[in-house]
Amino acid sequence: MGKKVAIIGAGVSGLASIRSCLEEGLEPTCFEKSNDIGGLWKFSTFVSSVNKHPDFATTGQWDVTTERDGKKESAVFDAVMVCSGHHVYPNLPKESFPGLNHFKGKCFHSRDYKEPGVFNGKRVLVVGLGNSGCDIATELSRTAEQVMISSRSGSWVMSRVWDNGYPWDMLLVTRFGTFLKNNLPTAISDWLYVKQMNARFKHENYGLMPLNGVLRKEPVFNDELPASILCGIVSVKPNVKEFTETSAIFEDGTIFEGIDCVIFATGYSFAYPFLDESIIKSRNNEIILFKGVFPPLLEKSTIAVIGFVQSLGAAIPTVDLQSRWAAQVIKGTCTLPSMEDMMNDINEKMEKKRKWFGKSETIQTDYIVYMDELSSFIGAKPNIPWLFLTDPKLAMEVYFGPCSPYQFRLVGPGQWPGARNAILTQWDRSLKPMQTRVVGRLQKPCFFFHWLKLFAIPILLIAVFLVLT
């Protein structure tokens with residue numbers, strides 16, 4: 001029989017972990033996180049505590065205490081995979097807004113927003129310019145009398161439909177694009193990034209421009225917000241300085257009068273109430289995890305955190321690769337570096353994160369770089385130079401095309417024989433659903449011309465400079 005693994009969390013991360021454990025011959029048992037935040041399943045078994053077994057230093061085992069219908073039980077597991085993610089507890093920073101306690105209208109977190117009908121004819125202020133805030137604001141603009149968004153620092157707003165109508169991630173999340181971003185001089189890389197973000201509209205004109213536009217913070221994806229601002233049905237304001245009984249005073253001195261409701265789209269915080277703080281340590285509000293998965297200071301690496309990263313890439317492939325790696329470490333077929341090497345890597349990566357994403361985005365990561373790091377541990381990283389020598393057609397699609405999760409099923413454990421064909425035909429599948437009225441053959445993108453267009457102006461300027469000199 002395989003090792004017994006407790007999976008804490010029944011969401012996407014938990015399901016990916018169950019699958020990876022089964023692939024490695026482990027025995028997973030799934031529990032919900034805790035009963036104070038509501039379970040995914042009505043009659044779930046919740047985890048109340050996870051503690052080291054008395055002989056943890058030699059066995060790496062854990063005592064897991066669970067609760068169901070008021071009854072508690074304890075069991076010993078060989079490993080634990082924490083899959084609660086980072087969107088757990090609603091963050092409602094009421095103390096940051098003077099006068100909010102005097103406000104007479106409704107006030108709640110975006111998590112409690114259900115549907116727009118009840119706001120018909122209301123005046124609504126949405127605090128926060130994230131994905132939830134923008135989605136709520138644009139939806140409410142169809143029913144509410146007036147909608148305003150208050151933003152402290154601004155944000156880049158991207159469309160899901162990118163150049164020539166192609167999906168944004170299939171054009172931008174590529175190995176070649178990542179190579180350019182990480183190897184070009186900083187000034188050129190920043191220029192390219194800002195140019196991409198402003199490709200659809202000038203953020204300065206819409207009051208959306210981030211305070212530090214070159215930081216690679218997660219952008220907002222909303223196709224309606226620019227049009228809503230342009231039509232005047234949504235307005236953007238700076239941070240709220242103070243609330244009164246019926247209004248909000250912004251930092252620029254303007255006032256939004258007669259507010260009926262304030263919706264705080266201010267994100268979420270995370271916590272592990274079932275774990276002792278010594279197990280997953282924090283430092284300056286940063287959770288210390290090797291590659292965002294393993295606590296580096298334990299005697300045995302038998303606990304893993306799945307889904308505690310954020311990147312400009314798909315979440316499901318990320319947690320899939322994390323859980324595949326974690327399952328192999330638990331099984332013993334993959335080993336981790338020394339404690340010293342893991343801490344050095346964590347410190348080095350944290351410095352880079354602060355440079356790229358800002359001090360507050362400590363769980364943000366570069367999608368392709370991160371996926372390659374994880375896949376290299378289990379032998380699933382595609383060898384690009386070898387592919388160019390042995391399979392140039394596939395290599396071109398892998399390097400210049402979308403970095404789809406099939407790439408991490410080409411080789412190594414979990415290899416899928418259909419991965420090559422899936423990569424070569426991914427554009428056919430992506431465009432096929434739109435062909436409900438066929439007017440010609442499918443028009444696939446040419447990545448050479450996509451990047452040539454980006455570099456056209458600097459290339460032209462360099463050519464003129466060379467001619468003149």
Side-chain angles (χ1 to χ4, degrees), residues 90-110 113 119 121-159 190 193-194 197-198 200-267 357-361:
N91 179 35
L92 195 58
K94 292 185 177 182
E95 67 283 352
S96 301
F97 297 95
L100 186 61
N101 56 320
H102 301 300
F103 179 66
K104 292 185 175 180
K106 292 183 178 180
C107 173
F108 59 87
H109 191 270
S110 57
Y113 173 85
F119 297 92
K122 304 293 185 181
R123 296 167 65 84
V124 183
L125 173 63
V126 179
V127 178
L129 191 64
N131 285 297
S132 297
C134 292
D135 287 345
I136 291 172
T138 52
E139 185 172 71
L140 287 179
S141 67
R142 305 185 187 99
T143 57
E145 177 186 324
Q146 188 172 4
V147 178
M148 283 193 180
I149 301 177
S150 169
S151 174
R152 181 178 56 187
S153 57
S155 180
W156 293 116
V157 178
M158 291 178 63
S159 171
D190 290 346
Y193 179 71
V194 173
M197 295 298 103
N198 269 326
R200 187 182 175 202
F201 64 94
K202 296 294 183 183
H203 283 64
E204 299 93 326
N205 297 340
Y206 287 72
L208 298 169
M209 184 70 182
L211 293 180
N212 190 340
V214 298
L215 289 180
R216 270 59 166 182
K217 290 187 177 182
E218 184 182 21
V220 171
F221 289 93
N222 194 293
D223 297 279
E224 299 180 47
L225 184 62
S228 298
I229 296 172
L230 194 62
C231 295
I233 56 178
V234 173
S235 302
V236 180
K237 288 290 184 178
N239 195 36
V240 176
K241 179 181 179 181
E242 181 183 1
F243 281 97
T244 67
E245 291 184 350
T246 59
S247 63
I249 304 171
F250 301 102
E251 289 182 345
D252 62 357
T254 58
I255 303 175
F256 185 20
E257 299 276 7
I259 302 175
D260 296 296
C261 182
V262 178
I263 302 175
F264 284 92
T266 43
F357 308 115
K359 293 182 179 180
S360 63
E361 303 293 328

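Note that the structure is predicted; figures quoted are calculated from it, not measured. Numbering starts at 1 and runs along the sequence shown.
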So among V220, V236, I149, which one has a side chain to side chain contact (heavy atoms under 4.5 Å, CB included) with L208?
-> V236

I want to check something: taking the side chain as every heavy atom from C-beta on, are [X] and [Y] in contact at a cut-off of under 4.5 Å?
| X | Y | result |
| --- | --- | --- |
| S235 | F256 | no |
| E224 | R142 | yes |
| C107 | L100 | yes |
| F108 | V262 | no |

Between S150 and P238 the two heavy atoms that sit nearest each other are OG-O, 2.8 Å

Please assess N198 against E204 for the test side chain to side chain contact (heavy atoms under 4.5 Å, CB included), listing each intermediate value before the final yes or no.
-> CA-CA 9 Å; N198 269 326; E204 299 93 326; 4.1 Å; yes

Looking at residues at least two apart in the chain, or sitting in another chain, which of them share a side-chain contact (heavy atoms from CB on, under 4.5 Å) with [X]?
| X | answer |
| --- | --- |
| S141 | S228, I233, V234 |
| M197 | W156, M158, Y193 |
| S159 | V161, R200, D223 |
| L92 | K94, H109, F264 |

Polar contact flag, side-chain donor to acceptor under 3.5 angstrom, N222-D135 =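 A donor-acceptor contact under 3.5 Å links the two side chains.
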
Kindly say whether K122 contributes a backbone atom to a donor-acceptor pair with the side chain of D260 at under 3.5 angstrom?
->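 Flag not set: sc D260 to bb K122 has no pair under 3.5 Å.
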
For the pair H203 (side chain) and P210 (backbone), establish whether a donor and an acceptor sit closer than 3.5 Å, ignoring hydrogens and angles.
-> no

Can you list the residues that meet the ring-ring contact (aromatic ring centres under 6.0 Å, His included) rule with Y206, with sequence neighbours excluded?
->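 Y206: ring-ring contact (aromatic ring centres under 6.0 Å, His included) contacts with F201.
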
Atom pair CZ (F119) and OG1 (T143), whose distance is rounded to the nearest 0.5 Å | 8.0 Å

Which residue pairs pass the side chain to side chain donor-acceptor pair (under 3.5 Å) test when at least one of the two sits in residues 245-256, sequence neighbours left out?
->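 Non-adjacent pairs meeting side chain to side chain donor-acceptor pair (under 3.5 Å): K104-E245, K237-T254, N239-E251, T244-S247, D252-T254.
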
